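Remarks on the structure that follows.
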Amino acid sequence: MGRWTSGLTMRAIHPLPDLLINQIAAGEVVERPAAALKELLENSLDAGAAQVDVDLAGGGIKRLRVADDGAGIEREDLALAVARHATSKISQPTDLESIATLGFRGEALASIAAVSRLALASRAQGKPHAWRIEVEGGTVGAVAPAALAAGTTITVQELYFNTPARRKFLRTEATEWAHCDEAFRRIALSHPETAFTLQHNGRVAQRLTAGGRRGRIEALLGDAFVLHAALVDAEAAGVRLTGFAVRPAFAAQGTSAQYVFVNGRFVRDRVLSHALREAYRDVLHHERQPAYALWLTLDPRRVDVNVHPQKTEVRFRDSGAIHQLVRHAVERALATTAAEQPAVSAAERLGIAAARLPPYGHAEGNTRPPLDAGTPVGAVLPVWTPTQRGLELPAAEPAGFYARLFGPREAATAALPNEDAYPLGFALAQLHGIYILAQNREGLVLVDMHAAHERIVYEKLKTAMTGRVPVQPLLVPATFVAEPLEMATMEENGATLDALGFSMAAIGPATLAVRGIPAPLADADPAALARAVLHDIREFGGSQALAARRDELLSSMACHGAVRAHRSLAVPEMNALLREMESTERAGQCNHGRPTWYHLTLGDLDRLFLRGR
Ligand SMILES: Nc1ncnc2c1ncn2[C@@H]1O[C@H](COP(=O)(O)OP(=O)(O)O)[C@@H](O)[C@H]1O
Ligand SMILES: [Mg+2]
């Protein structure tokens, strides 16, 4: 009975105490030391610091200290700085529409202070004295005098000491340090005009002088990055993209460094990452990872950063235009340098890769839908095999390749009856390794081979994800030298990787072995695929990656598993792809809404040639 009584009492609605509110927020805002470090660094940059010194101990769990020489905080504002929903950066609702600072939510310090022992010392610019306050588990102490020449120093100790549940989720010191190092790298890259130092357990890890982007990239990503990078600089309608994109031939030789900053903020955005994948996809070999450091600047009113507490996601007002700008700018940059490189295909050397921009004619005003009303791609179509039709398969090798790509279904041959059953028609040829030309009853069908295959693989993965993606074990495991963060991500996300169909293990302090990959991606390069997925999981936020960013993860995997451009396909293989498209839901669009195929009827062609009928 007593149990019930207390159960009922528990049900009465009551406002939560502040400490609990802040601890709940801390779960999102500062889920690990690296997230707290990012918030502290952002505050220093917002305060206009020229020098920022970071001192960590125990992977940031034991101690995180950030000292800056920025504007400082007035004595009477010290308590407010650690109070929830208190900020000096915005004041009215319209301010949210054009955020020019890194912070604006006024919750980072309050959240950190609720789950740690925090000391805040500051000397406001032009003031003769410094002052400090301490907060322990959310309880704010009295203001006391402090010794500090300028700026603000915030020390966070024993993170999560009072929230054991959260603390349990923390990993080893080495893992948390690797995450802190990456958080630091992002901030330091985005602001080369600020000098930084980084120490961990008394050892200096970085000492960065103020300067330009090139020097900062060399210091943080290595000389080779800049040496092998193409310069990107493009502007359209008030949006500017500048930075460096590593040329395809060298892409894998550095780390898989992928950094995009929007108005000085590191972001992980679906539109941007897709545009970049597209820019690289025709020139990058399967086993290589793109690498880039790019800065996008635009009017803050055209991008919403108030999407997620950690502020790494954004929404663009005009994402289509941004996608185009980024894709074309990087594609162009890579194409110009490709001409000087020996290891490119003839097509690239002739500049064809550049000349085919923009890729989709209809995007420029031809509004014909990619699918005719009468031929729904999702329709169930008869499946036939050559055996059923008494036909012979031609060359065994291409068919074998396709069997690997598409599973057991057999490839089609060129001579085919009953055109009506096959709305996408039958392949005639492959154009520049990029498009399939096919003929159907009404005219010509043009298929973007990679985009179409990507769609098919994506749908297969999505279907497989309703359960657990089947694993394709590898006869010979693929091993690669892993960066500390890759090791950490692998160790932390066993369940996510399992669910996605990966089997991986550490076989040395810095070596990972891939023993199995998702069956729908059996043709992909295992090491490259594994690295790409580890990269995505890390950036999408570990354990939440599957729930929150599933489609994005799968679409990135599909891109890796899909057949590359410039891979020549035989006619039966192309026909097999057309048949797969017909039986795949939504195959008419790539994963990002653009068409995968296009239809020109005889009537269209007649008009093109002014041929009256
Ligand atoms: N390093 C710093 N230098 C100067 N002011 C700071 C610093 N860190 C925090 N503050 C002040 O404390 C306030 C609260 O910080 P925070 O909780 O991170 O929220 P936000 O950055 O969203 O405003 C900031 O608005 C700023 O006025
Ligand atoms: Mg802040």
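Numbering of ligands and ligand atoms starts at 1, following listing order. For clarity, every value in this text was computed on a predicted model and none was experimentally measured.
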**Fill in**
Protein-side N, O or S atoms sitting under 2.8 Å from the Mg ion (ligand 2) are N43 OD1

**Message:** Considering non-hydrogen atoms of the protein only, which is the closest contact for atom 27 (O) of ligand 1, and what is the distance?
**Reply:** S88 OG, 2.5 Å

**Request:** Can you run down the salt bridge (Lys or Arg N to Asp or Glu O under 4.0 Å) pairs that involve residues 88-116, sequence neighbours left out, and say none if there aren't any?
**Result:** D46-K89, R84-E107, R105-E107

**Asked** Considering residues, nucleotides and ligands other than R167, do more than 12 of their heavy atoms fall under 6.0 Å from its CZ?
**Response** yes

**Request:** Mark yes or no: R213 above the aromatic ring of F244, with NZ or CZ under 6.0 Å from the six-membered ring centre and no more than 45 degrees from the axis.
**Result:** no

**Asked** Looking only at distance, does N43 have an N or O less than 3.5 Å from an N or O of ligand 1?
**Response** yes

**Prompt:** For F104, is at least one N or O under 3.5 Å away from an N or O on ligand 1?
**Reply:** yes

**Asked** Any idea which atoms of ligand 1 are less than 4.0 Å away from a heavy-atom of K89?
**Response** 20 (P), 21 (O), 23 (O), 24 (C), 25 (O)

**Item:** Numbered atoms and elements of ligand 1 in range of A108, under 4.0 angstrom, heavy atoms
**Value:** 17 (O), 18 (O)

**Request:** Say whether, by atom type as modelled, one donor and one acceptor occur between the side chain of D69 and the main chain of G151 under 3.5 angstrom.
**Result:** no

One residue to check: [X]. Relative to ligand 1, which of side chain, backbone, both or neither has a non-hydrogen atom less than 4.0 Å away?
X    : value
A81  : both
A86  : backbone
T87  : both
E107 : backbone
D68  : side chain
I73  : side chain

**Item:** G72 heavy atom under 4.0 Å from ligand 1
**Value:** yes

**Asked** Out of curiosity, is A71 lining ligand 1, as in a heavy atom under 4.0 Å away?
**Response** no

**Request:** Check whether any side-chain heavy atom of Y259 lies under 4.5 Å from a side-chain heavy atom of L294, and answer yes or no.
**Result:** no

**Asked** What about the rings of F196 and F184, do their centers lie closer together than 6.0 Å?
**Response** yes

